Amino acid sequence: MALAFSVAPTSSSSSSVLSGNPNPSPNFRTTHLNFGSQRRIFTINPLLRSFKCLQSSSKDLNASPFSVSAIASSSQTTELVPHKLQRLVKEFKSLTEPIDRLKWVLHYASLIPPMPESSKTESNRVMGCTARVWLEAELGQDGKMRFWADSDSDVSKGMCSCLIQVLDEASPEEVMELKTEDLAELNVGLLGGERSRVNTWYNVLVSMQKKTRRLVAERECKVPSFEPFPSLVLTAHGIEAKGSFAQAQAKYLFPEESQVEELVDVLKEKKIGVVAHFYMDPEVQGVLTAAQKHWPHISISDSLIMADSAVTMAKAGCQFITVLGVDFMSENVRAILDQAGFEEVGVYRMSDETIGCSLADAASAPAYLNYLEAASLSPPSLHVVYINTSLETKAFAHELVPTITCTSSNVVQTILQAFAQMPELTVWYGPDSYMGANIVKLFQQMTLMTDEEIANIHPKHSLDSIKSLLPRLHYFQEGTCIVHHLFGHEVVERIKYMYCDAFLTAHLEVPGEMFSLAMEAKKREMGVVGSTQNILDFIKQKVQEAVDRNVDDHLQFVLGTESGMVTSIVAVIRSLLGSSVNSKLKVEVVFPVSSDSMTKTSSDSSNSIKVGDVALPVVPGVAGGEGCSIHGGCASCPYMKMNSLSSLLEVCHKLPDMENVFGGFIAERFKRQTPQGKLIADVGCEPILHMRHFQANKELPEKLVRQVLSCESKR
């Protein structure tokens, strides 16, 4: 890297780095910078006119923030990245006032020249920054990396410049070894702690590493044979489907009006409400979403809200509720309606066969009973059971160990609150093994936080309390959701290589590798880990922020959960884009689907599904549980896809079922009893009611606390 850099004459006295001197010393010369490439030679003034260079004695020259360290000299090209970063941090921390640190960042912005407009392309955009940021990279013949950056914000440009000073002319290994955590000391006190600005450090670094990874692979002729994941690209003007799987999904976003009219007519005529899970088949969701505009008693949500929606519909006069989900969901709807006094409202499933769930099945297995029996022998114990289990499981568990239900969005707060109210407690979570492991990993990460940071998560906890609870937090290790289980290594590797700078979303049930990836993104506000509703809310928030900025942008979201979520996501995005004057905004939803995870139609074009003039070789739908692969990635849940549009219409047309033709479709009302002689429906609802109390009051109900402590007193 050829550099010519001159500094002001040094003296024994030093002045403030950031003192405003409108007349720079005449001894400063124009500096010619060549950041590693003959194609880019720029002429700039090395200092802003509002700055006065820090002067120091020659023996302290290397320690002077703006003397030499601002731009590496030729004698420093072999300096290790950690030393460069340490030097940068030292400069930063020497400034105690936020305004001085801001000026320091602005000074660095002056050290890199503007990019030519031809380089400010979409492929060079850095995702996740408040301002527009562009980054280019090159791997030199000497094996060293070179970087160029620009931004329409001087603050963001200054941050880019800082990273360039550290990583320009570093080896690819050094670039890849730098962690986002290594930049933490550059955050303190900057710009009043504005989080969106702080994340610029992290997002630019991730983009640098992505480009480095690709350039090394190209140089070594080891470019992975990764094809882009299928995706839907939404703009204010329409939708573009990339890949046959995405085309098949897009087909159902615009259902035939005759199907919508038929469904709406029968729902109105017979006063039928519909509650459906987010993971429904896209054909069903497309029709339901369109029908919502004409019939208010249609709800597409996660499993917790389904039962609440059913009660609301019953109060509004619906005589029947059709449930599009797996069996434990229809059980819960039936039980909650009974609890609310709507025993006369009929509840119908979409099949006379069992609509199972791998998680619910795991909680019904003997191994889970053994797990709970061990818990019952270790009072005071609390069983935190995932809502995605049968009513029978909840009832039997509650009689063995005091039990509270949880969802993926409230499980962490439920556990923290339980330990806050009962410090000597032991918690037994189940049945989802991945979620359990992820919860433990999350609490382990909290042991690296300060008391203040922990208190922001839960005000009654500290570092000591988190360390204390970890040995008393257990999780069942033999239960998984077949959908999220298949977000495996192949998918994670492709995301790392192609989408590491995108927004990453992951359900809390995904395996640990995917969880860690999303958690890392979450730290820089580029990811979310949680429930289906959390994922939807995150995407909505990020799109709304981009709409408000009103600049051309390309947001890319990797959907780390079941592909059925796309219908609701697209509906939200289209609504936001439709109300925006920003016609240049593009939002891309990426499906991380394994190459072996799709059902192919016959090669005979007459048997293919068509979207316009395009024949689709991939059909997501009810047949055969397509979409899941042991290689990683899952397009759809085969259980959820047993809920077809034809079944919904058939059930609705036959209601009321006076001849009992659909007896097998009726949601079961538990009349059986528990080992202690109580009704399963009554006992199974109690953990759900405990959770509802917690959600409303932010503390566990006294009844549950007494149950836990009374078990200890009987010991």
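All values derive from a computational prediction rather than experimental measurement.
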Going by the rule side chain to side chain contact (heavy atoms under 4.5 Å, CB included), which residues pair with [X] if we only count those two or more places apart in sequence or in a different chain?
X    : result
S351 : E353, I355, M642
A290 : P255, V260
K703 : E686, H690, R706, Q707

Assess, by modelled atom type and distance only, whether the side chains of D537 and Q533 contain a donor and an acceptor separated by less than 3.5 Å.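 The criterion, which ignores hydrogens and geometry beyond distance, is satisfied for Q533 and D537.
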Between [X] and [Y], which heavy-atom pair has the shortest distance, and what is it?
X    : Y    : answer
N643 : L324 : OD1-CA, 3.4 Å
T674 : E399 : OG1-OE2, 2.5 Å
V345 : C318 : CG2-O, 3.8 Å
V274 : L267 : CG2-CD2, 3.8 Å

Whether the side chain of [X] engages the backbone of [Y] through a donor-acceptor N/O pair (distance < 3.5 Å, no angle test) should be reported.
X    : Y    : result
N410 : T414 : no
E283 : Y252 : no
T505 : V558 : yes
S433 : F476 : yes
T235 : H237 : yes
S568 : M565 : no

Any side-chain heavy atom of [X] within less than 4.5 Å of one from [Y]?
X    : Y    : result
E699 : V705 : no
V411 : Y429 : yes
K270 : C652 : no
L288 : T567 : no
N438 : V529 : no
M691 : I387 : yes
I539 : V589 : no
R334 : I666 : no

Not counting sequence neighbours, list each pair that qualifies as a ring-ring contact (aromatic ring centres under 6.0 Å, His included) and has a residue in residues 282-307.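 As it turns out, the ring-ring contact (aromatic ring centres under 6.0 Å, His included) pairs with a partner in residues 282-307, which skip direct neighbours, are W295-H297.
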Could you note down all residue pairs passing side chain to side chain donor-acceptor pair (under 3.5 Å) where residues 253-268 supplies at least one of them, sequence neighbours left out?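 Only E262-H653 qualify under side chain to side chain donor-acceptor pair (under 3.5 Å).
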After noting the C-alpha distance and the side-chain angles of R672 and E392, does the key distance pass the salt bridge (charged side-chain N to carboxylate O under 4.0 Å, His left out) rule? CA-CA 9 Å; R672 300 194 307 276; E392 188 173 48; 2.7 Å; yes
Ring pair (Phe, Tyr, Trp, His ring centres under 6.0 Å) between H383 and Y368: does it pass, once the steps are laid out? CA-CA 12 Å; H383 175 218; Y368 201 72; 5.7 Å; yes
Trace of the side chain to side chain contact (heavy atoms under 4.5 Å, CB included) decision for F342 with V311: CA-CA 8 Å; F342 294 103; V311 172; 4.3 Å; yes
[atom2] on [Y] to [atom1] on [X], rounded to 0.5 Å:
X    : Y    : atom1 : atom2 : value
E588 : Q556 : CD    : CD    : 4.5 Å
T322 : R349 : OG1   : CZ    : 13.0 Å
I404 : L689 : CD1   : CG    : 10.5 Å

Please indicate whether E659 has more than 12 foreign heavy atoms, meaning atoms of other residues, nucleotides or ligands, lying under 6.0 Å from its CD. no
Walk me through it: do S364 and D361 pass the test side-chain hydrogen bond (donor to acceptor under 3.5 Å, both in side chains)? CA-CA 5 Å; S364 301; D361 292 345; 5.6 Å; no
Less than 6.0 Å separating the ring centroids of Y348 and F665? no
Can you classify the ring geometry of F503 versus F557 as parallel (below 30°), tilted (30 to 60°) or perpendicular (above 60°)? parallel
Would you list the atom pairs, donor with acceptor, under 3.5 Å between side chains in residues 299-310 and any protein atom, with sequence neighbours excluded?
{"from": "S299", "atom 1": "OG", "to": "S309", "atom 2": "OG", "distance (Å)": "3.1"}
{"from": "D302", "atom 1": "OD1", "to": "L304", "atom 2": "N", "distance (Å)": "3.4"}
{"from": "D302", "atom 1": "OD1", "to": "I305", "atom 2": "N", "distance (Å)": "3.3"}
{"from": "S303", "atom 1": "OG", "to": "N388", "atom 2": "OD1", "distance (Å)": "3.1"}
{"from": "D308", "atom 1": "OD1", "to": "R692", "atom 2": "NH1", "distance (Å)": "2.7"}
{"from": "D308", "atom 1": "OD1", "to": "R692", "atom 2": "NH2", "distance (Å)": "3.0"}
{"from": "D308", "atom 1": "OD2", "to": "R692", "atom 2": "NH1", "distance (Å)": "3.1"}
{"from": "S309", "atom 1": "OG", "to": "I305", "atom 2": "O", "distance (Å)": "3.0"}

Passes side chain to side chain contact (heavy atoms under 4.5 Å, CB included), I495 versus V590? Steps please. CA-CA 10 Å; I495 291 173; V590 178; over 6 Å; no
